[in-house]
Amino acid sequence: MLNATSRLQIDYTGMMQSELNPSGWTIDQLGELQPMLDQAYSSLLKMRETGDLDFSKKLYEMLHEVDKLVEISNEIANSFENFVVLGIGGSALGPIAVHQALRPYYYNELPQEHRGRPRFYVIDNIDPVRFHDFLRVIDLKKTCFNVITKSGSTSETMAQFLIVRDMLKQVCGRDYNRHIIVTTDKEKGNLLPIALEEGYTRFEIPQGIGGRFSELTAVGLLPAAVCGIDITALLQGAIEMDTWVRDKKEIMQNPAQLRAGLSYLSWREKKNISVFMPYSDALKTMSDWYAQLWAESLGKRFNRDEREAKV
C-alpha cells in the first residue's frame, strides 16, 4: 500500500498475487517496469518544460491570481443571490465536482444565514426545456452568470449566453453587463470582442491548457471562491501533489508511476476498462470528471509516434 503521507493512500493489494488471487502481480513484476516508467517520467518532464503540460506549471502562477479572484468573488457574493456557470465539458465537470466535494451536499437549500454565499448552478446541457424551466425559477436581477468558453465558439454555451444576455437586457436595462462575467482566451475567440465591447468583467484561460485540465485556473477557481471554498488551499494541495510525482522517481514511492504501472499491466492482459466508483455522495460527480479526463486523454487514434493505436 502506497502511503507516503496521511493525505493519500493507494490500496492495490487486491491486484497483487496472494492465496486468494494467485494470478495477481508481484512486486518484482512492478519493479520490472521501472526502465519504461523512467523513460515516461523523463518525457513528461521535458514536455512540462516545453509547455506541453502547462496545467501543472500554471499552478504556481495561479497563486498570484488568488487575490483578484477572491476580491471579485466577494463582490459577487455581496451583490447576487445566485451564481450560474454556463459551460460544457471541463468548464462544467470540474466546477461541479469540486463544489460537490467541498461544500455541503444540500448547499443550495441551506438558508442564506447558514450558506453565506450565493446559490450555485451549472447549466451544461442545451436542453431547451431544462433551460427554460431554470430561467423561470431564478430572479435574473439577483443572478450573476459566468460564461466559460476558451474559443468563444462552443455552440451550446454561446447559445445560452445569447439567450441570457437578451433576457438580462430586458430585465436589468443598461445595468445588464454587471450580471455577466466571461472566462475566455486572452487574445482571440468569438467571445472576447463581445466582452470588450460590452464591458464584462473578464478572466483568462491560459494558453496551452485544454478544458479538461482547466479546473485550477479561473475556470474553476472563480466558482469555487464564490461559494466560499479556500482556493489558496486548493492550489497548495495541487502543488503538493505535483511536487510529489515529480520528485519521487521509483514506482513504489510515486503514486502516478504506480497507477500507470498497474494500468499498463492490466492493459497488457486485455483488462482495459477503468472503473471509478466513489462510495461517498460528495465524490459522485468526481467520477464524471474522471471519465472525461481518462477518455479525452487516452482515447486517441494515433500515439505519440504518429502510429495508429491498437487496443
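Here the structure is a predicted model, which is why all the values come from computation and not from measurement. Computation of the quantities below employed the complete heavy-atom set of this structure, encompassing side-chain atoms and omitting hydrogens, waters and symmetry-equivalent molecules.
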Legend entry - Of all pairs that satisfy salt bridge (charged side-chain N to carboxylate O under 4.0 Å, His left out), the ones with a partner from residues 220-230, not counting sequence neighbours: none
Legend entry - Side-chain touch Ile163/Leu135, heavy atoms, less than 4.5 angstrom: yes
Legend entry - Partner set under side-chain contact (heavy atoms from CB on, under 4.5 Å) for Pro193, not counting sequence neighbours: none
Inset, instruction - Can you run down the salt bridge (charged side-chain N to carboxylate O under 4.0 Å, His left out) pairs that involve residues 181-209, sequence neighbours left out, and say none if there aren't any? - result: Arg165-Glu198
Inset, instruction - Return yes if some donor-acceptor pair links the side-chain N/O of Thr50 with the main-chain N/O of Met47 below 3.5 Å, else return no. - result: yes
Inset, instruction - Output all residues satisfying side chain to side chain donor-acceptor pair (under 3.5 Å) with Ser79, sequence neighbours left out; order by chain, then residue number. - result: none
Inset, instruction - Scan for salt bridge (charged side-chain N to carboxylate O under 4.0 Å, His left out) pairs involving residues 24-49, sequence neighbours excluded, and state none if there are none. - result: Arg48-Asp242
Inset, instruction - Is it possible for you to say whether Met15 and Leu20 belong to one hydrophobic cluster, with membership spreading through side-chain heavy-atom contacts below 4.5 Å? - result: no
Inset, instruction - Kindly say whether Val226 contributes a backbone atom to a donor-acceptor pair with the side chain of Arg117 at under 3.5 angstrom? - result: yes
Inset, instruction - Assign the ring pair Phe83 / Phe120 to parallel, tilted or perpendicular, where the plane angle (0 to 90°) is split at 30° and 60°. - result: parallel
Legend entry - Any side-chain heavy-atom pair of Asp139 and Glu81 under 4.5 Å: no
Legend entry - Donor-acceptor contact present, side-chain Lys249 to main-chain Asn254, <3.5 Å: no
Legend entry - Pairs flagged by salt bridge (charged side-chain N to carboxylate O under 4.0 Å, His left out) wherever residues 274-290 is involved - sequence neighbours left out: none
Legend entry - Arg115 atom CZ, over 12 foreign heavy atoms within 6.0 Å: yes
Legend entry - Name of the residue among Glu250, Gln257, Gln39 meeting side chain to side chain donor-acceptor pair (under 3.5 Å) with Gln34: Gln257
Legend entry - Neighbour count >12 (heavy atoms, 6.0 Å) for atom CD, Glu19: no
